[in-house]
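Values in this document were obtained by computation on a predicted structure and should not be read as measured data.
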Protein chains: 2
Amino acid sequence: MASAESSAKLGGASRSVAQARTMRVAMELFAEHGVSATSYQMIADALGVTKAAVYHQFKTKNELIIAVTEMELSKLVDAMEEAESEQDPERAREVLLASVIDHAVDHREAAATLLFDPVIVRALSEHEPFQRFVERLYGTLIGEGATPKAQVRLAMLAIAIGGTVAHPLVAGIDTETLRTQMLDTARKFVDLPTDT
Amino acid sequence: MASAESSAKLGGASRSVAQARTMRVAMELFAEHGVSATSYQMIADALGVTKAAVYHQFKTKNELIIAVTEMELSKLVDAMEEAESEQDPERAREVLLASVIDHAVDHREAAATLLFDPVIVRALSEHEPFQRFVERLYGTLIGEGATPKAQVRLAMLAIAIGGTVAHPLVAGIDTETLRTQMLDTARKFVDLPTDT
DNA sequence: GTCTATAGAATGATAGAC
DNA sequence: GTCTATCATTCTATAGAC
């Protein structure tokens, strides 16, 4: 299975059904309240079990946070590898950009949490497999010239994709319109031709 | 004083010196750890006083959060009014955009917290004066045509400005370069001429 | 894998002295 | 404006039974 392989590459262990369900519910609560405002009790309540049952699946909160982050990042692993196999760097950027936007739009709630929650941001910068993955991702999107100008553009792009999908202004906009408009606007950032 | 007037327009009360110091310290901790991960104890420790002293200044945590948010938003009030007094809407967008980016770059830590922290986001959407202000701000930036396309663009712009300044990728980039590059890239969003 | 029960620390918040 | 002291509640985490 692709996602199992992907997980392995981020250092993730294989998960039981109960664990997977816990991770999904935890991610929803993280997105709504923020990571540190989400307690084991809240997760247990949402699952309909007791705190102790959740602790049986993830021994510490940090372990749970790593698992959830890894689950979300692994959704991009396949897209990354597909892009990296392209010969033309510009084509690689194009493929990856479209995938990243697809994922962001399809998981509107999760995207902003992954990018902005202080706890997740810390985990991302301290957990080595995550660091390497994010570097690969940015490397493909930014291409060769890592000038300050390109870096600022990439930062704006990453943030704009992840944050926009959760923004109140677009809450009423349907998925397809959002996807199309974001892709078009985002292409400007990476110097790809646009429709406008 | 301009900032006192501005505060008043957002519904803010006048603050004592001790209160102002508490708000500044609180904002720093909010930015580092997130709002809900920041306790009165942490704020008291950073100030070198006891919890009770902080409670004397702000009776509840919610009151403190509102005060801090109001303090940050009020920094944009003058810029908003200056922009609104412009005859030409395009010129108004131009002036406001430059001010917003200036403020974001000058308060790198605060910007992302204001836009993304779940607790602040909730406060922003539930506290009426904040709602009205944000609507005015977006209204000036978006101009007349509030089409889905324009809305997506505006959301991406708002997010990109607020989030970029705090992004790890630009941590090593000096303020002036960041300001210049962001402004240039951001102008594309609002259909203003760019240098590129 | 789930439960009850509990330990120990930290939380938001208050009362009253100085 | 700051302090000590305290309250009820919640938190992360563990032990042991089913």
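Taking side-chain N and O atoms only, A/Q19 has no distance below 4.0 Å to OP1 or OP2 of C/dG1. For D/dT10, the OP1/OP2 oxygens have no side-chain nitrogen or oxygen of A/S39 closer than 4.0 Å. Using a 4.0 Å cut-off, some side-chain N or O of B/T50 falls inside it from OP1 or OP2 of D/dC3.
Look at OH on A/Y40: it is 16 Å from C1' on C/dT2, rounded to the nearest Å. Following rounding to the nearest Å, B/H33 (NE2) and C/dT11 (P) show an atom-to-atom distance of 11 Å. Between the P atom of C/dG1 and the CZ atom of A/F58 lies a distance of 10 Å, rounded to the nearest Å. Distance, A/K61 NZ to D/dT10 C1': 12 Å, rounded to whole Å.
Ring geometry for A/F116 versus B/F116: interplanar angle under 30°, hence parallel rather than tilted (30 to 60°).
Using a 4.5 Å heavy-atom cutoff, the side chains of A/V68 and A/V35 are not in contact. The closest side-chain heavy-atom distance from B/P118 to B/R122 is not below 4.5 Å.
Annotation: proximity of residues 41-49 of chain A to DNA chain D (heavy atom, distance under 4.0 Å) is found for A/Q41, numbered in ascending order.
Rounding to the nearest 0.5 Å places CD1 of A/I159 at 8.5 Å from CD1 of B/I159. Taken to the nearest 0.5 Å, the NZ atom of A/K51 stands 13.5 Å off from the CE atom of A/M42.
Residues satisfying the side chain to side chain donor-acceptor pair (under 3.5 Å) test with A/D174, not counting sequence neighbours, are A/T177.
Residues B/E94 and B/R187 are paired through a salt bridge, judged by an N-O separation under 4.0 Å between the basic side chain and the carboxylate. Taking a cutoff of 4.0 Å between a charged side-chain nitrogen and a carboxylate oxygen, A/E176 and A/R179 qualify as a salt bridge.
In this structure, A/F58 and A/Y40 approach most closely via the heavy-atom pair O-OH, 2.9 Å.
Nearest to the side chain of A/H56, among C/dG12, C/dG1, D/dA13, sits C/dG1.
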Is there any protein nitrogen or oxygen under 3.5 Å from a nitrogen or oxygen in nucleotides 14-17 of chain C, and what are the pairs?
none

